[in-house]
Amino acid sequence: MKSQEIRNQFLEFFKSKKHSIVPSAPMVIKDDPTLMFTNAGMNQFKEFFLGNGIPKSNRITDTQKCLRVSGKHNDLEEVGMDTYHHTMFEMLGNWSFGDYFKKEAIQWAWELLTEVYGIDKDILYVSVFEGAKDENLDMDQKAYDLWTAIVPEERIIMGNKKDNFWEMGDQGPCGPCSEIHVDIRSEEEKAKTPGRDLVNMDHPQVVEIWNLVFMQYNRKADGSLEKLPAQHVDTGMGFERLCMVLQGVKSNYDTDVFTPLIREIETITNSTYDKNSLPTNDDGKVSVAIRVIADHVRAVSFSIADGQLPSNTGAGYVIRRILRRAIRYGFTFLDTKEPFIYKLVETLSKQMSKAFPELKAQKNLITNVIKEEEQSFLRTLDQGLVLLENVIKNTKGNIISGEKAFELYDTFGFPIDLTALILSEQGYELNEKAFEVELQKQKDRSRAASQVTAGDWKILLDGTTTENFIGYDHLKTNVKVTRYRKVNSKKDGELYQLVFDKTPFYPEGGGQVGDKGYLEVPNGDVVYIIDTKKENNLIIHFTKNLPKHIDETLTAVVDEKQRSRSASNHTATHLMHQALRTILGTHVEQKGSMVHSGNLRFDFSHFAKMTTEELKEVEHFVNARIREQLPLEEQRNISYDQAIEEGAIALFGEKYGDTVRAIRFGESMELCGGTHVKNTSSIWHFKIVSESAIAAGIRRIEAITGDAAKEFFTTQSEAYGEVKAVLKTKDPLKTIISLQEENSSLKKQIEALLKDKAKNLKGDLKSEFEDVNGVKFLAKKVDLDAAGIKDLSFELGGELENVVMLFGSDQKGKALLSCYISKNLVEEKQLNAGQMVRELGKYIQGGGGGQPFFATAGGKNPAGIEEALENAKQYLK
């Protein structure tokens with residue numbers, strides 16, 4: 001049975017049980033500060049479990065793209081080492097929100113596995129929560145009784161809290177679970193050891209395939225449990241593992257989910273995949289590398305398709321780390337020194353774009369980004385090898401400093417496992433304990449900086465958890481606080497989060513920052529709202545202190561000036577998007593934005609740097625729309641399909657519901673939840689301030705509107721006036737061009753004079769060489785710049801043999817050392833100009849390098865030049 005058919009049968013089975021099929025949510029999470037990535041199928045439904053939203057159906061089924069590479073659920077280091085762990089995987093799930101519970105979940109799971117898929121009942125085991133005395137939790141007797149009616153008791157295993165009590169996080173909905181495990185070992189192995197003894201023992205052929213979670217409790221901030229008002233079912237089945245079972249193979253990587261990628265890797269790298277090899281053998285290491293690459297290219301490709309580019313921070317850093325791990329395995333074990341992983345995107349797209357069309361739609365972008373990342377990291381590896389070689393040369397003994405290895409890892413991105421491998425090959429040993437100490441320090445610093453502790457919500461008004469945002473029409477309104485809690489973070493200190501029954505405050509989202517403003521309290525006090533965000537369908541208002549009359553009616557007031565500026569900038573991004581697609585082509589797609597009150601940032605797909613003329617055209621296009629005074633046409637509850645049919649642009653990586661909000665200004669129409677001006681004339685003027693590249697095929701424009709544009713032009717006008725005053729001219733451009741021409745002419749004259757000076761100096765210096773161990777040696781301070789010294793060195797070197805020259809120079813308060821060594825001495829005596837200047841650079845408080853026959857060093861201490869020249873001779877003794 002092909003994987004496509006397996007996926008479809010799952011969804012159709014639950015559709016027959018009156019479940020609504022919903023699409024996978026994006027793998028990259030944008031509206032939940034507690035998660036970077038979707039790591040479980042239930043993530044997109046958190047608001048329903050928390051009671052903060054109402055699902056369109058009480059029964060839902062889907063296949064969800066998941067990524068487990070950070071936080072509590074982190075499978076990265078296991079990937080490739082075994083046959084069943086992955087970074088990116090699909091989780092098949094069925095959900096009940098206050099509808100059916102344990103009975104139906106258990107019976108349907110068994111029916112699907114044994115009757116629809118036809119899995120042999122004798123290879124299946126199930127587990128039941130055994131209870132936990134420390135939490136006053138009883139054994140899950142109901143689940144046990146339901147299972148005993150289906151399977152023999154010897155196939156039911158009692159599981160502890162670690163294995164059979166599922167929690168969303170440190171706080172929130174949780175409950176006991178029943179796992180279904182499969183034993184696909186040979187009959188001989190089964191005869192030796194019963195499968196029940198290997199459940200949850202990390203055996204590669206006795207694995208969990210389905211987890212049925214019964215949400216019954218809520219975990220509070222103090223660790224205690226309380227019963228949920230409604231009971232829910234949350235199930236997750238590993239798609240890749242299910243395919244392994246149904247396709248009769250012993251590894252996820254032997255299923256048709258992975259075999260097309262593996263065959264392509266073999267072809268491109270001229271390597272052979274051996275599914276039976278051990279990771280400790282050379283052949284096994286090749287196979288591990290192929291598994292790593294096949295897995296990681298999926299994770300990276302889906303992340304990019306969902307809008308997350310590799311970067312140096314946050315979620316982008318995680319994606320870059322995954323890709324670099326794949327590149328490193330190819331570099332070390334498949335001997336690939338050129339980019340190749342990007343070539344796999346074509347195969348992946350053909351294989352999975354039917355289920356996930358975003359792969360095909362974003363194929364070119366994914367390919368270009370991966371290729372550029374490969375090129376960049378391969379250069380990093382080359383640089384790292386040189387730096388590691390220097391560390392080895394400067395190490396006494398055979399133990400390499402863990403601190404130095406950590407510097408290579410942290411500063412230059414050089415993988416620690418590659419460092420350890422190279423050291424072992426050369427007879428050195430890495431001080432791993434010292435490295436781990438430094439790594440832990442870094443993790444502690446990072447954790448401390450981002451750690452947030454939140455108390456339980458204090459409910460003031462029950463049953464009002466779903467908010468009514470009225471900020472499109474009102475900036476001021478009377479509100480009641482429905483709940484609040486205290487939060488603490490290293491970054492922001494102690495804050496309060498408030499939720500209102502309705503709010504005019506726009507929460508951060510869609511690239512637009514959250515509103516700021518204040519609360520008017522009945523006693524005359526004012527409480528400032530410093531930010532607004534959305535979490536699990538709650539609009540949360542951040543304050544530094546709690547209103548004293550919190551249970552009374554308060555007045556919420558949005559900062560009108562800030563909102564107006566943000567709205568102007570947001571509308572400008574829509575007009576600019578239209579301009580870019582008109583001027584550059586319809587291949588342009590928005591890839592991210594950030595709308596502040598002071599400026600806007602817009603990322604988009606395009607293959608080349610924009611020309612000055614193209615940037616002018618975009619500005620003229622947007623400003624023409626501003627002058628046309630286009631009114632806002634807003635459709636707040638239009639169906640998604642109708643909006644797309646009418647020409648609205650939807651963004652990849654965004655999650656849309658059945659009904660959406662469509663924003664139109666003239667011919668520009670987009671799906672957007674942000675705030676906008678009522679008429680484009682309110683923007684006043686649009687000005688681009690920069691255009692740059694942020695990734696392969698991704699450009700970024702930063703721009704300003706309104707008050708910021710006025711200030712920009714005022715500053716430019718004042719600066720222009722000052723230039724005219726300094727130059728004492730009415731035509732500063734003509735004067736500046738004249739000065740540039742004069743400066744260029746003078747530079748040429750100076751260069752000619754310096755060359756003459758060097759030629760004259762050359763004759764004088766020939767008599768100053770001394771013989772040191774058969775080498776003609778000269779160390780001299782000269783009054784020449786770097787170019788003059790280089791010319792002098794190469795002219796003398798061309799006329800004399802067996803020479804070592806070190807020149808020092810003081811140029812504008814900066815020290816310079818240059819070393820030249822005849823090429824025959826480099827080979828015969830293993831002399832190295834680069835090593836000499838690096839060592840002598842210490843005297844001038846600097847450093848440098850270069851080639852073995854010529855190198856330079858710069859420093860900030862000209863007083864040390866003489867000492868450096870005096871010590872140069874020792875390198876020849």
Hey, are the side chains of [X] and [Y] touching, using non-hydrogen atoms and a 4.5 Å cut-off?
X: Leu387; Y: Glu407; answer: no
X: Phe406; Y: Phe435; answer: yes
X: Val775; Y: Val803; answer: no

Are the side chain of [X] and the backbone of [Y] linked by a donor-acceptor contact shorter than 3.5 Å?
X: Thr332; Y: Tyr329; value: no
X: Asn394; Y: Asn390; value: yes
X: Ser376; Y: Glu372; value: no
X: Ser489; Y: Asp492; value: yes

Please name all residues satisfying side-chain contact (heavy atoms from CB on, under 4.5 Å) with [X], sequence neighbours left out, ordered by chain then number.
X: Ser605; result: Glu589, Lys591, Ile698
X: Thr336; result: Thr269, Leu334, Phe340
X: Gln811; result: Asp783, Asp785, Ser809

(Q) Side chains of Ser401 and Glu403 only: does a donor on one sit below 3.5 Å from an acceptor on the other? (A) yes
Within this structure, what is the [atom1]-[atom2] distance for the pair [X] and [Y], rounded to the nearest 0.5 Å?
X: Ile322; Y: Ser303; atom1: CD1; atom2: OG; answer: 6.0 Å
X: Glu436; Y: Lys441; atom1: CD; atom2: NZ; answer: 13.0 Å
X: Cys819; Y: Gln851; atom1: SG; atom2: CD; answer: 12.5 Å

**Q.** All pairs passing ring pair (Phe, Tyr, Trp, His ring centres under 6.0 Å) where residues 827-877 contributes a residue, at least two apart
**A.** Phe794-Phe854
(Q) Checking Lys812 now: which residues fulfil salt bridge (charged side-chain N to carboxylate O under 4.0 Å, His left out) with it, not counting sequence neighbours? (A) none
**Q.** Ring centroid separation Phe807 to Tyr820 under 6.0 Å
**A.** no
Q) Do Lys873's NZ or CZ and the ring of Phe777 fall within the cation-pi criteria of under 6.0 Å and 45°? A) no
(Q) Quick test of your reading of the model: are Lys762 and Glu799 salt-bridged, counting only N-O distances below 4.0 Å? (A) yes
Q. Got a sec, which pairs hit side-chain hydrogen bond (donor to acceptor under 3.5 Å, both in side chains) with one end in residues 734-744, sequence neighbours left out?
A. Thr729-Thr735
Q. For Ser745, which of Lys747, Gln749, Lys748 qualifies under side-chain contact (heavy atoms from CB on, under 4.5 Å)?
A. Gln749
